[in-house]
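Structure record follows, encoded as structure tokens.
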Amino acid sequence: MTSSVAPSGRLAIFPGSFDPVTNGHVDIILRGARLFERIIVAVLVHGEKTPLFTSDERVAIIREVFHEYPNIEVDVFDGLLVEYARRRRASAIVRGLRAVSDFEYEFQMALMNRHLEPTIETVFMMPAEQYTYLSSRLIKEVFQLGGEVSGLVPPAVERWMRVKADGG
Ligand code: PNS
């Protein structure tokens, strides 16, 4: 049997809205960075209608979090994810699975993406158990209602959230 490895065979994309990035995302990104040669955290530009952070702010925050990791790149994308992955010559899409409730949506997306681009594989990873209940939506809600989010998001996110709350 012959095997061939594409030049960028170990580049993965971790796509998402990241509004904001949580410690659950951070956990998955670090796992991905250990598994793949390089991982691109790809921020969707036109996702939610009224995001808390602009895509530029989300990119700046994630870059700040991972500035010490040379194999973690942060970028933006718009349009079809598989088009972006193809353009970047990635071989895999990484997604996190927190609970069974994530499964159906993720399964549909993975199979649709495979239909659109059969050469790109979706790889699922589970975050550490203490992050399985985290979501960007809940973080925003808790923060906006005055709850404590430290330990659930990187310190940089907390700082940027405080700036937003102060009207920044
Ligand atoms: O963090 P999220 O919001 O769960 O990420 C969802 C995301 C960005 C991965 C998904 O909405 C996406 O890939 N959007 C790009 C448009 C696209 O390719 N749609 C078809 C996917 S099957």
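As the structure lists them, so they are numbered: ligands from 1, and atoms in each ligand from 1. FYI, the numbering just counts along the sequence from 1.
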* Asked: Does the side chain of Pro154 come within less than 4.5 Å of Glu64's, by heavy atoms?
  -> no
* Measuring from Arg95:CZ to Met125:CE, what's the distance to the nearest 0.5 Å? -> 12.0 Å
* Asked: With side chains defined as the heavy atoms from C-beta onward, is the minimum distance between Phe77 and Ile40 less than 4.5 Å?
  -> no
* Asked: Among all protein non-hydrogen atoms, which one is nearest to atom 21 (C) of ligand 1, and what is the separation to 0.1 Å?
  -> Asn113 OD1, 3.7 Å
* Return the residue, atom name and 0.1 Å-rounded distance of the protein heavy atom closest to atom 10 (C) of ligand 1. => Met109 SD, 3.9 Å
* **Under-4.0 Å heavy-atom contact with ligand 1, by part of Leu44 that carries it** => side chain
* Asked: Looking at atom 5 (O) of ligand 1, what's its closest protein heavy atom, distance included?
  -> Arg95 NH1, 3.4 Å
* To do: Enumerate the atoms of ligand 1 whose separation from the nearest heavy atom of Met112 is less than 4.0 angstrom.
  => 22 (S)
* **Residue pair Phe18 / Val59, side-chain heavy-atom distance below 4.5 Å** => no
* If you have a sec, work out which protein heavy atom is nearest atom 20 (C) of ligand 1 and how many Å separate them, to one decimal? => Leu80 CD2, 4.1 Å
* Of the side chain and backbone of Phe18, name the one, both, or neither that has a heavy atom under 4.0 Å from an atom of ligand 1. => neither
* **Donor-acceptor pair, side chain of Asp78 and main chain of Val45, under 3.5 angstrom** => no
* Is there a donor-acceptor contact under 3.5 Å from the side chain of Asp19 to the main chain of Pro51? -> no
* Asked: Going by the atom numbers of ligand 1, which of them fall below 4.0 Å from some non-hydrogen atom of Gly16?
  -> 1 (O), 5 (O), 8 (C)
* If every non-hydrogen atom of Asn23 is compared with every non-hydrogen atom of Leu134, which pair is closest and at what distance? -> N-CD1, 4.2 Å
* Asked: Nearest non-hydrogen atom to atom 17 (C) of ligand 1 belongs to which of Val43, Ile93, Leu81?
  -> Leu81
* Structure fact -> atom 15 (C) of ligand 1 has as its nearest protein heavy atom Gly79 O, 3.5 Å
* What residue and atom, counting heavy atoms only, is the protein's closest point to atom 11 (O) of ligand 1, and at what distance? -> Tyr105 OH, 4.0 Å
* Structure fact -> min-distance protein heavy atom vs atom 3 (O) of ligand 1 -> Ser17 OG, 2.6 Å
* Which atom names give the shortest non-hydrogen contact between Pro127 and Ile28, and what distance separates them? -> N-CD1, 3.6 Å
* To do: Report the part of Phe14 (side chain from C-beta onward, or backbone N, CA, C, O) that has a heavy atom under 4.0 Å from ligand 1; answer both or neither where that applies.
  => neither
* To do: Taking Thr132 for its side chain and Arg98 for its backbone only, find out whether a donor-acceptor pair lies under 3.5 Å.
  => no
